[in-house]
Amino acid sequence: MDYAIQQMVNALSFGAEYALLALGLAIVFSVMGLVNFAHGDVIAVGGYTMVAFAAIVTANPWIVILGAIVAAALTSVLLERVAFRPVRYADPTTGLLTAFGVSIVLQNLFLLFVSPRPIAVTSLYFMDVPIEMFGVQVSSLQLLESVTTVLVIVGLTLFLNRSVWGLAMRAASLDFEMVRLMGIRANRVFALAFLISGLLAGLACIFIMARRGSVDPHLGFNPVLKAFVACVVGGFGSLPGAVLGGFLLGAVEVGMLVLLPQEYGGMKDAFVFGIIALILVWRPNGILSPAVEKGDKL
Amino acid sequence: MLDIRNLKVLYGPIEAVHGISLRVEEGQCVTLLGPNGAGKSSTISAICGVAKATGDITFLGQDLLGTEIEDRVRAGISVSPEGRRIFSNLSVEANLQLGAGIRTDRDGIEADIDHWFTTFPILGERRTQSAGTLSGGEQQMLAIARALMAKPKILLLDEPSLGLAPRIVGQIFDMIEQLKSEGMTILLVEQNARQALRISDYAYLLNTGTIQAEGTTATLGQNDELMAKLTGLG
Ligand SMILES: Nc1ncnc2c1ncn2[C@@H]1O[C@H](COP(=O)(O)OP(=O)(O)O)[C@@H](O)[C@H]1O
Ligand SMILES: [Mg+2]
């Protein structure tokens, strides 16, 4: 029984992390139609900022964390300004290639100017301590991650439903030109989408770094892959879909770890992607794919 | 107020409007008539900054060509576009709030939203419902109300009666007439010539991207041959 609960907690916390990552991709995709594969490298920028802060500025973990979040958010906004703005209204393939390009450039900057080898960051170890809850051992990190994701979902929902800027972002996902015809500046809407995406990358960065304890140039690859898969499963462009896809991916991964016999352990990912493929056969556009029509065009 | 000279609208290599000129004076309702594909919507799009254009578009003495869409809205141009294009994934109220996206007077915005909900009780009853659940006529009223939320100096209406039942068409034209009597300047695109001419001061007939006839509605009304042709279109 304890074992089952333990694994459910695992599935939830994995899912929470994937949901956080997927939301970062989905928010940009929903307003711009861009799959930002550089999202993972924004996370890596957060990781390297932690290294820099811990080495140069302070050992205070809260300041290190704040620095990483701010750096990720600023990087994301900066990338929109210099790299994605010129291809804003281009076709999706151009945007996708640009994102790959940005990703490669960032990774090479890390390789050239920092180091190809992993660099340890120890300031976040304090976040991961075992605690007992209802008779089950869980890690404080898992708990923190789940709570953070829930808060992010609540905050994002309130923002998107209550504030004019949130409404503008939702409207933009349907008909961006019409939002501009309301006099609402496209530049602001895009910048805001990337700012939110960057903040989400910064949050995810904390948990990834706390678990791994080190950063290397390819830190972002695995997270962005998971985020992509979660978005595809949930339905690209749908924010609830991103959350659902994230939690589903977490559940399937942990389920595979539990159910697969030891000797098949190495094939976990193959089974995970097999199940994802089955879901996509059932719903080719993802489970909560948004409707494609634009308003009531005649 | 709005002065257009030698306007050409381009879609890549295709020229949809071949150098037309038209004027809208303050407080007037001017109608652009013409069959499908005449270039009416292209003209509206060019005024809004959505379609690529050459020539001169002057609004209140300010040259608009080359300015961004958003700046034209801020200069006082609002549009209820062809096909209405309401934000169907948002609530009725949110549509109106976005219409007021360039305004900062919170109380004024609230009051204006309430004004529309009393003018169109059906919108008020559905203020929290998704706008996509409204009927075509209700969506059209919402689209016009949304455009007016920006407090424009000129209102562009692209085929507001398209695809609506005759009774609803009557309501829409009543609404436009009411706006005009309140002093709103209107550029109306219509295929429903009879109704449009009834409420407008001046009209242009557009066909295949050129203006074929123009005049005050009184003079046009006396031209029986033209009227037969126009009402035949509607
Ligand atoms: N986005 C577009 N791309 C290419 N051609 C277009 C586009 N929109 C309209 N056109 C063409 O421009 C001409 C005028 O269209 P439009 O302005 O929509 O006419 P109307 O509104 O009078 O029915 C038509 O021949 C149409 O095919
Ligand atoms: Mg048209």
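Lettering of chains follows the sequences in order, A, B, ..., and the numbering in each one begins at 1.
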Exercise. Do A/Phe228 and A/Phe29 make the cut of ring centroids closer than 6.0 angstrom?
Worked result: no
For this session: Indicate whether the side chain of A/Ser13 and that of A/Glu145 have a donor and an acceptor atom separated by less than 3.5 Å.
Result: no
Exercise. What residue, out of B/Asp71, B/Ile102, B/Ile77, B/Asn89, has the most heavy-atom pairs lying under 4.5 Å from chain A?
Worked result: B/Asn89
For this session: Please determine, by modelled atom types, if A/Asn187 and B/Glu70 share a side-chain donor-acceptor pair under 3.5 angstrom.
Result: no
Seminar exercise, completed: Among A/Ala168, A/Ala171, A/Ser173, the residue with the most heavy-atom pairs under 4.5 Å to chain B is A/Ala171
For this session: Taking atom CD of B/Glu26 as the centre, report whether more than 12 heavy atoms of other residues, nucleotides or ligands fall under 6.0 Å from it.
Result: no
For this session: Can you tell which part of B/Ala94 gets under 4.5 Å to a heavy atom of chain A, answering side chain, backbone, both or neither?
Result: both
Exercise. Mind checking whether A/Phe247 and A/Phe14 have ring centres under 6.0 Å apart?
Worked result: no
Exercise. Is there a donor-acceptor contact under 3.5 Å linking the side chains of B/Thr185 and B/Gln28?
Worked result: no
Exercise. Within residues 106-128 of chain B, which positions have a heavy-atom distance to chain A below 4.5 Å?
Worked result: none
Exercise. For B/Pro160 and B/Ile176, which heavy atoms make the closest approach, and how far apart are they?
Worked result: CG-CD1, 4.0 Å
